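Positions are given from 1 along the sequence. As the structure is a computational prediction, the values presented were derived from the model and not from experiment.
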Amino acid sequence: MKAKIILASLLLAGLSFTVQSQSLGDFSPKSEKLNGAGKFKSKDVYIANFSVNFQLYNLKTASAEGSFSGRYLTGNTKASLAVGLDIPAATLQQITDNAYQEFVADLKSKGFNVLNASDVAHTEYYKDYQQLEDMEMSLLEAPGMLTVYPQNTTFFVKGFTKDGQRKQGGVSAALNRAMNDDGRNSIVDEISTYPKLSAELNDATIINADMYILFLDVKKPYQGNGARITANTDLRMAAYEHIKSRVENNSKAAKLGFASSSSEKQYLCVSAIDFVQGRNKIGGSPLGTYTGLLKNELQIDGVIAEEEIEAYAKSDVDFIGVETAFGKMYRADGISVENTAIIRTDPSKYEMGIKKALGTFLGYHVGEFTNKHFK
């Protein structure tokens, strides 16, 4: 019988430290548009989606298979690392509400007429959608992340999957999720349907704003003689980044015991604001598009102390062996290491840092969109 050693430790990374005032790293925005889609006329806009996605935890597992070289035997190893961020949900809601209010105020100050839910509820586009007021924050959209929507706001949702995720409006979103390639790919698929809605609203611009705040950089370095996972704190707004984390496996196979109770999910995080207006009579493509992005991640400094957390399971090795009637036999124990860390942060500093990042990103792209298409 294979022996197994389980080492569990709880690290409360609530260290006292001194940080400077909250500041941002280099801000490197960029924009994209479809070829030939640069026509914007109407200053009516409708915000179809506004969400801020906050990374709150990450759970990773690394394994290394044992082997026999002819002279010695190494045992199997497994390392699991779970890291969470201690931040009140109320703080995340306040950040999102403030960002949305400033975003709307900025649009209005530049002469845009912001349509509300009652202006679009009659459309054929939203005929089969659910109208939801004060959408609840959700831990189900992206692995390890909390998706937060502004309160006192109404959005239209096509429905929810059996796992509680929002159904995206495009034809490929379900396939993206089935292929473990969710995130921006599914969102872009829904955005491709916006020309239909814009055409029903006299070519109003349809807006999607989706931002990602990450706090952890998780790596699986060269495993060597064991299983190792390393995580470094790194608060930032994502530019283009895949995150992976283990989540609960709700499949029938898992419930019947034929599959693991958790599985690793992948999600593509792209902070973006999309403006789509009009619809071509031939082909249905948009008349005008503007997508605001980041070239590189936007660092948010002075909020979280720099920490490195590691889970490392070193292989047990048997060099000696035991002589038996059948020859020399070797025995090496399987090693499993579990490490959990909670990163403490000051909610007021976190709020101020994220507010600066969101305001900088949204404010710049609203300005660029206005200057390029309405000046």
Side-chain angles (χ1 to χ4, degrees), residues 47-61 82-85 87-93 95-97 100 117 126-191 193 208-216 238 241-272:
I47 304 170
N49 176 70
F50 187 100
S51 56
V52 185
N53 304 269
F54 300 90
Q55 186 181 38
L56 293 186
Y57 72 90
N58 190 276
L59 173 60
K60 277 284 182 63
T61 298
V83 183
L85 183 67
I87 191 76
T91 298
L92 305 182
Q93 187 66 67
I95 292 171
T96 305
D97 290 348
Y100 179 77
Y126 280 136
K127 182 180 66 173
D128 297 323
Y129 280 63
Q130 301 176 33
Q131 183 173 331
L132 300 179
E133 298 181 10
D134 297 336
M135 282 185 61
E136 296 181 358
M137 53 184 68
S138 172
L139 275 168
L140 302 173
E141 295 299 326
M145 305 194 74
L146 184 68
T147 301
V148 184
Y149 307 95
Q151 294 298 284
N152 301 315
T153 306
T154 299
F155 291 112
F156 293 86
V157 179
K158 196 169 187 179
F160 297 90
T161 68
K162 62 181 180 180
D163 294 325
Q165 295 172 302
R166 287 178 59 180
K167 289 183 178 179
Q168 302 290 350
V171 296
S172 301
L175 180 60
N176 291 335
R177 284 176 169 167
M179 298 296 290
N180 201 17
D181 194 21
D182 202 9
R184 180 61 179 176
N185 295 320
S186 298
I187 294 167
V188 168
D189 194 45
E190 177 163 344
I191 292 169
T193 69
N208 168 77
D210 199 38
M211 287 72 66
Y212 294 84
I213 306 299
L214 309 181
F215 82 97
L216 208 60
E241 186 171 346
H242 283 94
I243 59 167
K244 296 179 181 179
S245 180
R246 298 196 71 81
V247 298
E248 184 180 1
N249 186 353
N250 293 316
S251 68
K252 291 183 179 180
K255 293 177 180 179
L256 293 173
F258 297 120
S260 173
S261 61
S262 65
S263 60
E264 187 169 82
K265 292 291 185 182
Q266 175 175 278
Y267 192 95
L268 176 56
C269 301
V270 177
S271 296

Quick one: which of Leu56, Leu139, Leu214 gives a side chain to side chain contact (heavy atoms under 4.5 Å, CB included) with Met145? Leu214
Residues which pass ring pair (Phe, Tyr, Trp, His ring centres under 6.0 Å) with Tyr126, listed by chain and number, not counting sequence neighbours: Tyr129, Phe156
The ring pair (Phe, Tyr, Trp, His ring centres under 6.0 Å) partners of Phe54 (sequence neighbours excluded) come to none
What residues, two or more places apart in sequence or in another chain, satisfy side chain to side chain donor-acceptor pair (under 3.5 Å) together with [X]?
| X | result |
| --- | --- |
| Tyr212 | Asp210, Tyr267 |
| Gln130 | none |
| Asn208 | Asn49, Asp274 |

May I ask you to test the Lys167-Val157 pair for a side-chain heavy-atom distance under 4.5 Å? no
To the nearest 0.5 angstrom, please state how far the [atom1] atom of [X] sits from the [atom2] atom of [Y].
| X | Y | atom1 | atom2 | value |
| --- | --- | --- | --- | --- |
| Gln55 | Ser245 | CD | OG | 8.0 Å |
| Thr96 | Phe50 | OG1 | CZ | 7.0 Å |
| Arg166 | Phe160 | CZ | CZ | 7.0 Å |
| Asn152 | Tyr100 | CG | OH | 10.0 Å |
| Ile87 | Ile95 | CD1 | CD1 | 6.5 Å |

Salt bridge (Lys or Arg N to Asp or Glu O under 4.0 Å) partners of Lys162, counting only residues at least two apart: none
With sequence neighbours excluded, residues passing side-chain contact (heavy atoms from CB on, under 4.5 Å) with Thr147: Ser51, Asn53, Glu141, Tyr149
Val270: partners by side-chain contact (heavy atoms from CB on, under 4.5 Å), with sequence neighbours left out: Arg184, Tyr240, Leu268, Ala272, Leu293
Output yes when a side-chain donor or acceptor of Thr153 lies under 3.5 Å from a complementary backbone atom of Gln151, and no otherwise. yes
Between Glu133 (side chain) and Thr154 (backbone), is there a donor-acceptor pair under 3.5 Å? no
